[in-house]
Number of protein chains: 2
Amino acid sequence: MARPPLARERVLDAYESMLIAEGERAATLDAVARIAGVSKGGLLYHFASKDDLAAAILRRLDALVEEDIERMSHAAEGRVAYYMRTSVMEDDALDRALIAASRLAQAGHPDAAEALRRVRAQWAETLRPAVRDETALQLVMLISDGLYYNNILDSADGAGPTTPKDGALAELIELVERTVS
Amino acid sequence: MARPPLARERVLDAYESMLIAEGERAATLDAVARIAGVSKGGLLYHFASKDDLAAAILRRLDALVEEDIERMSHAAEGRVAYYMRTSVMEDDALDRALIAASRLAQAGHPDAAEALRRVRAQWAETLRPAVRDETALQLVMLISDGLYYNNILDSADGAGPTTPKDGALAELIELVERTVS
DNA sequence: GTCTATATAGCGATAGAC
DNA sequence: GTCTATCGCTATATAGAC
């Protein structure tokens, strides 16, 4: 676990990139192997099947979410502001794993849908002490879901962001914080 | 246009159902034909290709959104309340077309992603006169997006809704209306 | 650990009978 | 307008050399 083979990580990154940029359909073993710079046989040495590849993405997601929950719990700006600010696309490791998992979920992978629901439940649990009541919690969760939904749509083709950024986002966060606390 | 062939509609409905319940991967011509109760040849008489099938879903979506915009414009409860109330899954024709289009978008179909962005822009235009400012508009749009995102996730497998319903939804709508108007 | 070559199956689409 | 039969391609996965 301490030093995973480099080729294995490269393959997983390539799979994730393909899922994000081209969708599940295009993320074939051939295409992933090509992007990762290995042969199909080489790929299948590290991941025995396509399902194995998907499972690895979901494990990566779980690990990144655990770190995120930890950071959110101790964020100086407060949990709500941290959560909303990090819900816009920054193309970091967690964003990418989330979008990849969403692609898998929508392609019909049941474990991916369950993983995403579990992640959402963890976030809700962490946010609950920081908001006034359940209605306020729903409001914050849904706005974050909305930001992710747009990230997911815009990552499909190379479209520019349709959601607020920078100044507009700061105003939105301010409005939400006034509403929920 | 006045009386489209019944078999054609059955095929389109079957395709939509497969997309929603099993994802784009599983919505093969064989599977769709089987659900619709026709042969693959029969299917391909009505829709020349799989792309043609996807395009028909997007045309259906456009027509249903046009009706929805019309209803929203004259809703007695107000545009914001109408919009939020109809953003939770009711399994009506519009919900189904939206989820199907979202599956196509995430499978890498570029026209689907563009269609969904266009729909979102139409909704924003209709809501704008009903809210205080752009930040408020963003808040309403994102909560609706969040509700759809959860619909989409929960439709993949047979999971129960994770978003507010009935009383909790009414409270959320009330909170949002206080915030944006 | 990575490669090439190949088996096997499923998919989209065509052809032609009825 | 709907069917059966079939073609050609591509995808996943295996076998075995290096």
Side-chain angles (χ1 to χ4, degrees), chain A residues 1-58 100 103-112, chain B residues 1-59 100-101 103-112:
Chain A
M1 263 309 192
R3 263 193 36 191
L6 282 171
R8 198 189 137 95
E9 285 298 298
R10 272 215 324 277
V11 167
L12 198 54
D13 289 344
Y15 180 55
E16 193 178 71
S17 295
M18 283 294 302
L19 283 176
I20 293 169
E22 313 263 355
E24 201 274 344
R25 197 94 191 261
T28 65
L29 297 184
D30 274 298
V32 171
R34 204 189 63 240
I35 303 286
V38 297
S39 71
K40 193 153 51 164
L43 186 160
L44 285 160
Y45 169 78
H46 294 289
F47 300 95
S49 71
K50 223 188 165 191
D51 255 43
D52 198 11
L53 215 38
I57 289 283
L58 298 183
R103 299 274 195 262
L104 291 172
Q106 296 233 21
H109 207 295
D111 293 352
Chain B
M1 261 312 192
R3 262 193 38 195
L6 282 171
R8 198 189 138 96
E9 285 298 298
R10 273 216 323 277
V11 167
L12 198 53
D13 289 344
Y15 181 55
E16 193 178 71
S17 295
M18 281 294 301
L19 283 175
I20 293 169
E22 313 262 356
E24 201 273 345
R25 196 94 191 260
T28 64
L29 297 184
D30 275 297
V32 170
R34 205 189 58 244
I35 303 287
V38 297
S39 68
K40 191 154 54 162
L43 186 160
L44 285 161
Y45 170 78
H46 293 290
F47 299 95
S49 70
K50 221 187 169 194
D51 255 42
D52 199 11
L53 215 39
I57 289 283
L58 298 183
R59 277 195 303 275
R103 299 274 195 263
L104 290 173
Q106 296 233 23
H109 206 296
D111 293 351

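As the structure is a computational prediction, the values presented were derived from the model and not from experiment. Basis for what follows: all heavy atoms, side chains included, without hydrogens, waters or symmetry-related copies. Here is the naming used below: chain letters follow the sequence lines, and residue numbers restart at 1 for every chain.
- Across the protein-nucleic acid pair, Met18(A) atom CE and dA11(D) atom P stand 10 Å apart, rounded to whole Å.
- Taking atom NZ of Lys40(A) as the reference point, atom C1' of dT6(C) lies 10 Å away to the nearest angstrom.
- Within the 4.5 Å cutoff, side-chain heavy atoms of Leu19(B) are placed close to those of Tyr15(B).
- Interatomic distance, CZ of Phe47(A) versus CZ of Arg8(A), reported as 4.0 Å (0.5 Å rounding).
- Residues Asp51(A) and Asp111(A) have side chains not in contact (no heavy-atom distance under 4.5 Å, counting atoms from C-beta outward).
- Looking at heavy atoms from C-beta onward, Asp30(B) lies out of side-chain contact with Arg34(B) at the 4.5 angstrom threshold.
- Atom P of nucleotide dC11(C) and atom NZ of Lys50(B) are separated by 9 Å, given to the nearest angstrom.
- Under a 3.5 Å cut-off, the side chain of Arg25(B) and the backbone N or O of Ala107(A) do not form any donor-acceptor pair.
- In the region residues 21-36 of chain B, proximity to DNA chain C at under 4.0 angstrom, judged on heavy atoms, holds for Thr28(B), Leu29(B).
- Atom C1' of nucleotide dT2(D) and atom CG of Leu44(B) are separated by 12 Å, given to the nearest angstrom.
- Rounding to whole angstrom units, CZ of residue Phe47(A) and C1' of dT2(C) are separated by 15 Å.
- In this structure, Arg103(A) contributes its side chain and Glu24(A) its backbone to no donor-acceptor pair below 3.5 Å.
- Across the protein-nucleic acid pair, Leu53(B) atom CG and dG12(C) atom C1' stand 12 Å apart, rounded to whole Å.
- At least one side-chain nitrogen or oxygen of Tyr45(B) sits closer than 4.0 Å to the OP1 or OP2 atom of dG1(D).
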